[in-house]
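The sequence lines fix the lettering, A, B, ..., with proteins before strands; numbering per chain opens at 1.
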2 protein chains.
Amino acid sequence: MPTPSPIANHIRRLRFEHGEMTQSELAERIGMTRQTIAAIEAGKYSPSLDAAFRIAQVFGVGLGEVFQWRA
Amino acid sequence: MPTPSPIANHIRRLRFEHGEMTQSELAERIGMTRQTIAAIEAGKYSPSLDAAFRIAQVFGVGLGEVFQWRA
DNA sequence: ACGGGATGTAAAAGATATTTTACATAATGT
DNA sequence: ACATTATGTAAAATATCTTTTACATCCCGT
């Protein structure tokens, strides 16, 4: 299991706020797999900055509105 | 050599705006190596979100003011 | 009760990021 | 001229992220 990250995220909320978007849909739209979305959403590890940017863009918000740093 | 990333950054400018901070100093402050800073600064690959957050915090700005997505 | 869609999770393989070690050059101060 | 500091860069090893494959449960509609 990957190392837990000190980064909180609001992916799940954003998904539901955007038409009940499913993990699979989100994954497909940013070119990643469902498992990766699930892991990031669960905070199992911190994603690449690239992945983070693509996720934020799907929701039309800035990085800071998806991921928050606590440490 | 790592893959070039579609992410632009302003680390170098920010370093100089913050007391001519050196790559080594920045690296030390965020617990990474000088080579990693150099590679990120040169856009050789996109850092982890964790590294990105730590860099932004050193400069006291948000992620978007350090890294910008173009793609 | 059954089937399908959404999610949780895990192990192994693959890809990418980061460290370590090492050497090079340019700029600066003495 | 010499030493020191900052930076560029590279190869190999290590760590971390991501995919692939697979199976599990939960929930909802029929």
With a cut-off of 3.5 Å and sequence neighbours excluded, list every side-chain donor-acceptor pair involving residues 24-33 of chain B.
{"unit_1": "B/Glu25", "atom_1": "OE1", "unit_2": "B/Thr22", "atom_2": "N", "d": "3.2"}
{"unit_1": "B/Thr33", "atom_1": "OG1", "unit_2": "B/Thr36", "atom_2": "N", "d": "3.3"}
{"unit_1": "B/Thr33", "atom_1": "OG1", "unit_2": "B/Thr36", "atom_2": "OG1", "d": "3.0"}

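For the side chain to side chain contact (heavy atoms under 4.5 Å, CB included) test, residues two or more places apart in sequence or in another chain that qualify with A/Gln68 are A/His10. For B/Glu17, the side chain to side chain contact (heavy atoms under 4.5 Å, CB included) criterion is met by B/Arg13, B/Leu14, not counting sequence neighbours.
Atoms CG (B/Leu49) and P (D/dT16) sit 16 Å apart, rounded to a whole Å. The nearest whole Å value for the distance from the CD1 atom in A/Ile40 to the C1' atom in C/dT7 is 16 Å. With rounding to whole Å, A/Glu20 atom CD is found 13 Å from C/dG5 atom C1'. Look at CZ on A/Phe53: it is 18 Å from C1' on D/dC17, rounded to the nearest Å. The nearest whole Å value for the distance from the CG atom in B/Asp50 to the C1' atom in C/dA17 is 12 Å. One atom, CD1 of A/Ile37, and another, C1' of D/dT20, lie 16 Å apart when rounded to the nearest Å. Regarding B/Ile7, its CD1 atom lies at a distance of 13 Å from the C1' atom of C/dA17, rounded to whole Å. In this structure, B/Met32 atom CE and D/dA15 atom P are separated by 14 Å, rounded to whole Å.
To the nearest 0.5 Å, the span separating CD1 on B/Ile11 from CD1 on B/Ile40 amounts to 6.0 Å. The structure places CD1 of B/Ile55 at 7.5 Å from CZ of B/Phe59, a figure rounded to the nearest 0.5 Å. Rounded to the nearest 0.5 angstrom, A/Ile7 CD1 and A/Tyr45 OH are separated by 13.0 Å.
When all heavy atoms of B/Pro6 and A/Asp50 are compared, the pair lying nearest together is CG-OD1, 3.6 Å.
For B/Ser48 and C/dA17, the shortest distance from a side-chain N or O to OP1 or OP2 is not below 4.0 Å. Here B/Thr33 does not reach the OP1 or OP2 of C/dT18: none of its side-chain N or O atoms lies under 4.0 Å away. Here A/Ser46 reaches the OP1 or OP2 of D/dC17: one of its side-chain N or O atoms lies under 4.0 Å away.
No donor-acceptor pair closer than 3.5 Å links the side chain of B/Asn9 to the backbone N or O of B/Phe67.
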Quick one: which protein N/O atoms are closer than 3.5 Å to N/O atoms of nucleotides 6-9 of chain D? Pair and distance per line, please.
{"unit_1": "D/dT7", "atom_1": "OP1", "unit_2": "B/Arg15", "atom_2": "NH1", "d": "2.9"}
{"unit_1": "D/dT7", "atom_1": "OP2", "unit_2": "B/Thr22", "atom_2": "OG1", "d": "2.6"}
{"unit_1": "D/dT7", "atom_1": "OP2", "unit_2": "B/Gln23", "atom_2": "N", "d": "2.8"}
{"unit_1": "D/dG8", "atom_1": "OP1", "unit_2": "B/Arg12", "atom_2": "NH2", "d": "2.7"}
{"unit_1": "D/dG8", "atom_1": "OP2", "unit_2": "B/Gln23", "atom_2": "NE2", "d": "2.9"}
{"unit_1": "D/dG8", "atom_1": "N7", "unit_2": "B/Arg34", "atom_2": "NH1", "d": "3.3"}
{"unit_1": "D/dG8", "atom_1": "O6", "unit_2": "B/Arg34", "atom_2": "NH2", "d": "2.9"}
{"unit_1": "D/dT9", "atom_1": "OP2", "unit_2": "B/Lys44", "atom_2": "NZ", "d": "3.4"}

Are any protein N/O atoms closer than 3.5 Å to N/O atoms in nucleotides 28-30 of chain D? If there are, list each pair with its distance.
none

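Under the 4.5 Å side-chain heavy-atom criterion for ILVMFWY residues, no single connected hydrophobic cluster contains both A/Phe16 and A/Val61.
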Could you go through the side chain to side chain contact (heavy atoms under 4.5 Å, CB included) check for A/Gln23 and A/Gln35 one step at a time?
CA-CA 8 Å; A/Gln23 289 183 341; A/Gln35 286 80 350; over 6 Å; no
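For the helix from C/dG4-D/dC27 to C/dT30-D/dA1, the angle separating the two terminal helix axes comes to 40°, with each axis derived from five pairs and the value rounded to 10°.
A/Met21 is listed as a side-chain neighbour of A/Val58, based on a closest heavy-atom distance under 4.5 Å.
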